[in-house]
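Side chains are part of it too, since the values below use all heavy atoms of this structure and drop only hydrogens, waters and symmetry mates. Note on naming: letters A, B, ... go to the chains in the order of the sequence lines (proteins, then strands), and numbering restarts at 1 for each one.
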Amino acid sequence: MLSKILKWINERWPLTTVIRWSLEEEMPGGTSYAYIFGSCVLIVFLFQVITGVWQLLYFVPTTDRGYESLNYLRTEIPFGWLIHGLHYWGASAMIILVGLHLSQVYIWGAYKNPRQLTWLIGVGNLLLTLALGFTGPILPWDERGYWEAEVAVSSAGTAPFLGTVARNLLAGGTALGQMTVSRFFFLHVAILPGILMAFVILHLVAFRKFGISGPWDEAKRKLTGLFWPDQVFKDGVAVTLIFMALIGLSAYRPPLYSGPLDVLETFYVPKPEWYFLFFYQTLKAFHGVFEPIGTIGIPLLITLLLIFLPFYDRSPERNPGRRVTAMVCYAIFVTWVITMAILGYYSKPEASTSGAPVATEATQAVSSSAGDPTLQNLEGAKRGGQLVASLGCTACHRVNGQGGVIGPEFTSALLKGKSRQWLITQIRNPKAHFPNSIMPAFISATDQQVNDIVDFLLATAQGKSVAAGRLAKGPSAPPVPAGLPQKTTPTPSVAPGPHGPPQEASFAIGNVELGATIFHQSCESCHGAQGKGKVPNPGSADGTVPPLNPIDPTLFNKNAQTFVNDIDPYIQHGSIPEGPNPVLHMLSFGDSESLTQQMIANVEAYVLHLNGVNRAQITRPGLEPRTFFWLVVVVFGFVLGGFWVWKGRRREKINR
Amino acid sequence: MLSKILKWINERWPLTTVIRWSLEEEMPGGTSYAYIFGSCVLIVFLFQVITGVWQLLYFVPTTDRGYESLNYLRTEIPFGWLIHGLHYWGASAMIILVGLHLSQVYIWGAYKNPRQLTWLIGVGNLLLTLALGFTGPILPWDERGYWEAEVAVSSAGTAPFLGTVARNLLAGGTALGQMTVSRFFFLHVAILPGILMAFVILHLVAFRKFGISGPWDEAKRKLTGLFWPDQVFKDGVAVTLIFMALIGLSAYRPPLYSGPLDVLETFYVPKPEWYFLFFYQTLKAFHGVFEPIGTIGIPLLITLLLIFLPFYDRSPERNPGRRVTAMVCYAIFVTWVITMAILGYYSKPEASTSGAPVATEATQAVSSSAGDPTLQNLEGAKRGGQLVASLGCTACHRVNGQGGVIGPEFTSALLKGKSRQWLITQIRNPKAHFPNSIMPAFISATDQQVNDIVDFLLATAQGKSVAAGRLAKGPSAPPVPAGLPQKTTPTPSVAPGPHGPPQEASFAIGNVELGATIFHQSCESCHGAQGKGKVPNPGSADGTVPPLNPIDPTLFNKNAQTFVNDIDPYIQHGSIPEGPNPVLHMLSFGDSESLTQQMIANVEAYVLHLNGVNRAQITRPGLEPRTFFWLVVVVFGFVLGGFWVWKGRRREKINR
Amino acid sequence: MADNLFFVEPTTSRRGFLKLITNLMIGLVAAVLTVPLVGGLIGSSFRLKKSRWADVGNISSLPLGQPTSMKFPYKTEDAYVRETVTHDVWVIKHSSSELTVFSPICPHLGCHYNWHPDENEFICPCHGSVYALTGKVLGGPAPRALDTLPWKLEKDRLFVEWETFRVGIPQKIRT
Amino acid sequence: MADNLFFVEPTTSRRGFLKLITNLMIGLVAAVLTVPLVGGLIGSSFRLKKSRWADVGNISSLPLGQPTSMKFPYKTEDAYVRETVTHDVWVIKHSSSELTVFSPICPHLGCHYNWHPDENEFICPCHGSVYALTGKVLGGPAPRALDTLPWKLEKDRLFVEWETFRVGIPQKIRT
């Protein structure tokens with residue numbers, strides 16, 4: 001029946017001819033595991049096409065939804081983690097395999113006459129693969145994507161003469177934005193895969209014209225193997241192993257969540273994917289006018305060297321033992337790439353914002369101790385005393401035996417010798433004196449208020465006792481740390497506990513490492529290093545600031561989204577702890593815009609991480625990633641191993 | 001040189017073989033314009049792929065940005081109108097050409113042995129083309145897109161047994177939304193074109209196995225023509241004409257702007273693209289339990305008939321003159337399709353909201369005249385008199401010689417016999433009495449207020465004179481027409497002129513026809529039919545409501561966006577006309593949410609249309625569409641015509 | 001022939017064995033790859049949206065026995081798209097504690113119908129389905145009565161559980 | 001050979017003529033099709049965004065001679081994406097009417113730099129460019145000084161014209 005249908009088809013469509021063309025090939029010198037790379041690239045490319053297309057079911061290429069839509073696929077869709085994981089790690093596999101394929105061709109001298117055209121098309125495939133590997137990570141427009149685009153666009157801009165044109169065309173505008181995302185989407189999803197598919201077909205047709213070059217040793221070429229099934233079996237073994245490795249990597253090394261894009265955030269250190277690290281590291285050597293040499297010159301030179309290789313290396317000698325120059329060049333190139341990649345991987349940014357936490361207070365104090373404090377107005381000092389409480393100073397500073405212990409106590413010893421201007425600056429811009437100060441800048445306070453507070457502080461310095469106001473209880477204004485001067489939304493009244501719903505940040509999957517940096521800067525002073533707490537909070541029911549590691553069990557939840565929804569309101573809107581007169585309040589980092597929503601998302605990811613919960617938790621995995629991986633390993637092992645054993649027995653039986 | 005390169009390539013890649021395979025074909029019976037359709041489909045499909053890919057530079061498949069991103073391409077990008085126009089009209093061209101190609105094959109009997117497989121693949125191509133033509137218009141997720149998706153998904157849901165599964169899988173969820181858009185994007189951009197490309201190649205290979213079937217008359221088959229150049233010339237002529245037609249259609253018949261999606265809007269009448277009208281019209285015959293027969297049965301039946309055609313029509317006879325049954329079937333089918341399409345095109349929805357503007361007031365009054373009006377409270381009536389002014393009743397109704405003329409004057413004659421309940425209903429829900437009333441429903445007024453107004457009206461009905469309040473001037477609350485009861489945003493103070501910036505609506509390109517319907521319902525009573533004005537507005541400086549057709553020259557602008565930005569604030573925020581005591585105010589349709597932003601966008605498109613400005617004005621056309629079309633016509637005419645004449649002369653010269 | 005290439009008879013030859021085991025490997029890889037593809041296709045297609053009680057507004061001022069369309073803001077969560085949209089329901093007040101709340105979606109094919117008080121009917125403009133004040137079908141292609149929505153009153157404030165139902169079928173099935 | 005298929009010598013034969021005119025037609029169609037494709041690729045790539053004056057806030061309370069980072073909401077229009085985002089600028093107040101306003105974007109490769117008061121320097125964390133309070137380059141790979149932005153004062157309220165400039169080149173060129 002089947003053969004009848006096949007016959008009917010073959011009379012009308014050259015099916016068997018096509019199959020024969022693709023499978024029936026004699027291989028001089030026999031099959032080899034050295035020849036698997038081409039087939040592997042082809043199959044992995046096929047994986048990439050399929051998983052890439054499938055991601056279109058969820059991913060959308062917009063600046064505002066790209067990251068979230070990808071994360072939805074990864075965490076909420078059954079086996080979405082695997083679709084994305086296969087695509088992500090498939091890209092790496094493809095680049096490795098293309099590199100190995102190229103190396104094999106180079107070492108075997110297979111690019112030589114008559115296979116120059118095959119080599120040329122192959123170089124095209126290499127460039128297309130690299131371009132795909134470069135454009136892909138840009139698409140989610142998260143921290144990583146944005147900064148890679150920035151580097152790409154800036155590099156294009158360094159080109160001589162056509163720099164601006166190339167830059168603007170690549171960015172789709174004079175600045176990065178939606179047009180940039182759409183352009184890279186256009187390239188990554190349509191243009192580059194389209195050309196690569198065409199090139200793969202050209203490459204295969206060219207390859208089939210002469211087949212493999214085989215061993216350079218003429219004697220060994222007499223043996224012949226068959227592509228099907230001998231070589232395909234070897235290819236199949238390799239593909240199976242690669243496929244399992246990709247599943248394993250997807251399960252054990254899921255792609256990084258680099259955090260939602262925040263161009264104002266200065267903590268993110270953009271580094272390219274590992275396969276471009278060597279180039280990233282190399283670029284660091286080129287500054288100023290030499291920059292185009294790095295950004296344009298080096299890639300161009302390598303490409304030209306590769307393209308013209310079969311034309312300047314025309315000797316028919318294929319034995320690597322007799323091609324010393326070629327092999328030395330190869331060794332140098334590979335060493336350079338690997339060394340630079342390792343250096344790049346371990347390189348730190350040249351300057352860092354997270355300096356030592358202790359500031360040089362002494363050096364600053366000298367310059368300002370000359371000021372002569374004059375008490376302008378006792379009434380002002382009194383008003384200032386009230387403000388010290390109502391603006392939240394006592395959340396951190398102890399005054400007249402009342403208040404927090406995060407900042408220094410307002411004693412005459414502390415304040416003595418400080419000028420009026422120094423104090424104003426300290427209130428308005430604390431980082432001016434102490435760069436790592438966590439004290440918020442009170443920009444939104446009026447000049448009158450600041451003057452009053454300074455009067456109060458100067459009075460305190462002179463030992464005059466002015467009563468500081470007691471912190472208003474119940475529905476009073478919470479301490480607003482930083483100020484958008486023009487922001488006039490009324491601060492909501494604050495009773496104990498958090499207020500208001502979770503905000504935007506609660507939906508975004510933050511980056512744990514960025515979160516740790518921000519936590520260190522903004523949260524650690526109250527919640528302790530790594531959120532371990534034990535910072536005293538006099539007047540609160542607990543006596544200390546609640547630790548975050550481990551967090552209050554009523555807030556903890558194994559479900560990441562619920563956990564975030566529980567803690568987000570505190571970070572957004574602040575809260576006043578229970579207790580008769582708590583000195584420290586949770587500040588409203590979100591409402592006051594002292595942290596962006598993206599920063600809060602990162603902090604939340606870190607807090608969850610401290611509590612052993614993965615913010616990027618997969619809520620609907622289909623099957624747990626690791627379980628699925630081991631299931632696949634077991635199934636493959638049993639089926640293939642079992643078959644092997646069973647066949648071996650049968651053969652023995654017959655042979656007996 | 002060229003031939004040397006060609007030789008080098010051909011030694012390494014079978015270039016010439018491939019070209020020969022695609023071009024060197026003998027055509028029994030000679031070339032014919034009857035054979036152009038296949039080539040034309042292929043070329044138009046190529047156009048579709050290119051223009052489709054290019055649209056990815058701008059279009060994004062999200063529910064919130066799809067329509068705007070497409071409109072950005074169409075109006076702000078040089079030749080964006082042409083990219084989209086070619087794709088839109090190319091779809092129609094492709095469907096026509098596939099239909100003609102199929103008809104030719106059917107009439108020539110070319111599907112018969114040995115070409116069954118070619119026919120089968122061709123039927124696949126037809127289905128894929130229709131699927132592409134169906135999924136495409138959904139993508140922008142505008143009014144048209146959403147409703148087509150709704151119909152598609154609902155139709156799938158009528159399938160027996162698997163209805164719900166099919167429905168949910170197609171929608172990507174239990175309701176339409178982002179997942180639906182992404183699914184249709186996935187189908188339209190990746191899956192369907194991918195399969196179609198593969199099928200086209202299969203089709204071509206199958207076709208080349210036996211070539212054209214040629215004339216059925218054996219005698220005529222002796223003549224042979226060549227595919228290249230004889231047939232390709234004819235194909236080229238057709239493609240050139242089609243291409244010019246597509247440009248002309250893009251210039252003179254740009255695709256409709258169906259308006260931003262508003263699922264609450266009940267005016268939009270969803271109709272499919274013209275090529276599905278016959279099916280849409282046919283479906284109307286199937287109701288209730290018979291619906292699946294129409295939605296699933298008919299398409300399935302036609303498909304099966306087509307697929308099995310070469311298997312149940314096995315006679316080798318190809319002459320249509322001797323295949324009467326086949327030809328009659330064809331005629332019936334074509335007649336059905338064309339008739340139904342025309343009926344569908346001219347069909348009106350079965351019921352309409354825009355009924356006659358005159359309501360049956362008399363019939364309603366009878367039922368409620370029995371009520372005995374009792375004046376509960378003179379104080380209430382006095383308060384009611386104030387409210388009549390402050391709530392904006394006098395904007396439309398004349399009371400004690402003061403107020404507007406849109407609604408009837410509050411005379412004792414008018415109000416006599418109306419019950420308290422009737423009056424309350426009239427205030428709370430005017431449409432209950434007069435379905436086409438433009439009177440806003442005062443849902444947001446308190447019961448007390450309504451009671452007071454009713455007291456006032458009952459007092460008026462009894463001829464008791466209660467002074468109506470004078471309209472508060474300057475910063476008073478504007479009349480708020482409809483009420484979201486829970487909406488508590490403070491109404492801004494209103495001074496003459498519009499207030500606040502343009503809103504969301506001003507960025508969306510509305511649909512003129514929908515705008516006309518909404519205008520008729522909500523704007524006409526003050527601004528006159530078609531905005532021609534002349535509605536009196538006592539107390540205003542002008543004495544009448546400003547006409548919109550033509551509009552105040554200070555608001556008019558030839559630039560559509562500027563024009564919209566000028567008028568949008570009035571529609572959003574309302575305004576009080578200048579003058580001592582204007583009776584009519586422009587209502588704040590946007591702020592009060594009595595019109596959605598999408599409705600306002602449609603109204604704006606209509607107002608611009610009344611003033612001869614196209615809301616969908618192309619601001620950066622590259623070249624004006626019509627200019628470009630005629631330029632292309634002239635260039636093609638000159639170059640091809642000139643070449644033809646020159647060649648003709650040369651030939652004559654040599655022949656002489 | 002092509003079938004000989006793939007479908008080898010049980011053989012003890014080395015090549016026959018290789019063909020079989022290679023086909024087996026290819027089949028296994030393809031089968032495992034199908035798993036995520038099917039998972040991606042199904043996705044959240046069968047996941048019911050959590051319905052939430054929405055504050056529709058104060059009903060104390062509604063007329064008795066007359067349908068009123070009430071709009072209210074509703075926070076939607078459509079996969080990764082979160083927006084506040086305006087929904088509406090038809091509310092018929094029978095007494096201060098008895099209401100009927102209709103979904104505004106025509107059960108025929110999902111259009112929004114209107115109330116025509118002069119005819120005392122709900123009429124859908126798309127395909128002309130006609131419903132009585134009680135929701136009963138009076139004419140047109142509608143397969144079932146208007147869909148009621150769950151509601152509750154809290155001191156004159158109406159809360160409605162926004163739900164949607166499959167259209168075009170006689171049964172009222174949540175989507 | 002293939003070239004004979006397309007590139008015919010001037011010939012009076014009917015087929016030669018057909019080949020030529022067919023190639024001409026194909027060429028013309030391709031050329032015309034190229035026009036919109038190039039248009040689409042260029043798109044709005046070279047269109048400068050209209051800069052707008054943004055209200056940055058009240059500067060009366062800023063310290064003198066010290067850089068302060070001021071955030072402000074800015075309505076962006078990125079093609080069809082319209083959003084209100086928060087931008088920031090570094091403001092140095094010299095007197096009540098004399099200011100310097102720096103763009104927060106490092107002219108090297110577009111990162112956001114920080115003020116390090118203990119060193120009295122602006123330092124970019126990405127590649128270590130160092131700038132003086134005046135914006136002058138003190139070290140690192142920066143190709144030019146910090147970019148100043150146009151500003152104006154209206155009764156102590158600072159308005160800044162938000163502009164961006166090409167990074168990585170010695171010239172300050174608007175993007």
Side-chain angles (χ1 to χ4, degrees), chain B residues 62-64 150-151 154-155 157-158 163-165 167-169 171-179 182 263-267 269-270 284 287-288 291 349-353 355 359-360 363-364 421 424-425 428-429 431-435 441 443-447 450 482 484-487 593 596, chain C residues 41-49 55-64 66-73 76 78-81 83 85-88 104 109-119 123-130 140-141 143 157 164 166-170 173-175:
Chain B
T62 68
T63 50
D64 55 348
E150 173 63 41
V151 171
S154 299
S155 298
T158 62
T164 310
V165 172
R167 186 195 184 290
N168 286 13
L169 281 179
T174 54
L176 296 189
Q178 179 59 49
M179 295 293 94
S182 283
V263 288
L264 294 186
E265 195 170 286
T266 53
F267 308 120
V269 180
K284 291 185 183 172
H287 289 311
E291 212 167 359
E350 286 155 31
S352 164
T353 52
T360 56
T363 61
Q364 291 290 330
Q421 191 52 51
I424 290 176
T425 302
R428 289 296 191 191
N429 186 16
K431 287 203 200 300
H433 296 148
F434 310 108
I443 294 176
S444 57
T446 64
D447 282 350
V450 172
L484 276 173
Q486 73 283 17
K487 196 168 155 56
E593 294 192 32
T596 63
Chain C
L41 272 184
I42 294 173
S44 45
S45 298
F46 300 96
R47 215 174 290 159
L48 276 185
K49 289 215 173 83
D55 182 351
V56 170
N58 193 311
I59 55 131
S60 58
S61 57
L62 290 192
L64 285 177
Q66 288 285 354
T68 310
S69 174
M70 293 184 80
K71 288 193 219 168
F72 56 97
T76 63
D78 172 16
Y80 45 83
V81 179
E83 281 175 327
V85 300
T86 304
H87 276 318
D88 62 338
L109 279 178
C111 292
H112 279 66
Y113 55 85
N114 285 319
W115 172 245
H116 290 234
D118 39 349
E119 289 132 24
I123 303 181
C124 179
C126 291
H127 306 87
S129 294
V130 182
R157 287 206 83 79
T164 52
R166 282 187 53 198
V167 295
I169 55 167
I173 297 174
R174 272 198 62 197
T175 59

Between B:V151 and chain C, which part of the residue has a heavy atom less than 4.5 Å away: side chain, backbone, both or neither?
neither
Which region of B:I424, side chain (C-beta onward) or backbone (N, CA, C, O), has a non-hydrogen atom less than 4.5 Å from a non-hydrogen atom of chain C, or is it both or neither?
neither
Tell me the closest heavy-atom pair linking B:T425 and C:Q66, and the distance in Å.
CG2-CG, 4.4 Å
Residue part contacting chain B, namely of C:P67, when any heavy atom lies under 4.5 Å
backbone
Side chain to side chain, C:V81 and B:T62, heavy atoms closer than 4.5 Å
no
For B:Q178 and C:D78, work out which heavy atoms get closest and say how close.
N-OD2, 2.6 Å
Among C:S60, C:P143, C:G43, who wins on heavy-atom pairs under 4.5 Å with chain B?
C:S60
Within the distance-only criterion (no hydrogens, no angle test), does the side chain of B:N168 pair as donor or acceptor with the backbone N or O of C:F46 below 3.5 angstrom?
no
Using non-hydrogen atoms only, which part of B:S155 is less than 4.5 Å away from chain C: side chain, backbone, both, or neither?
neither
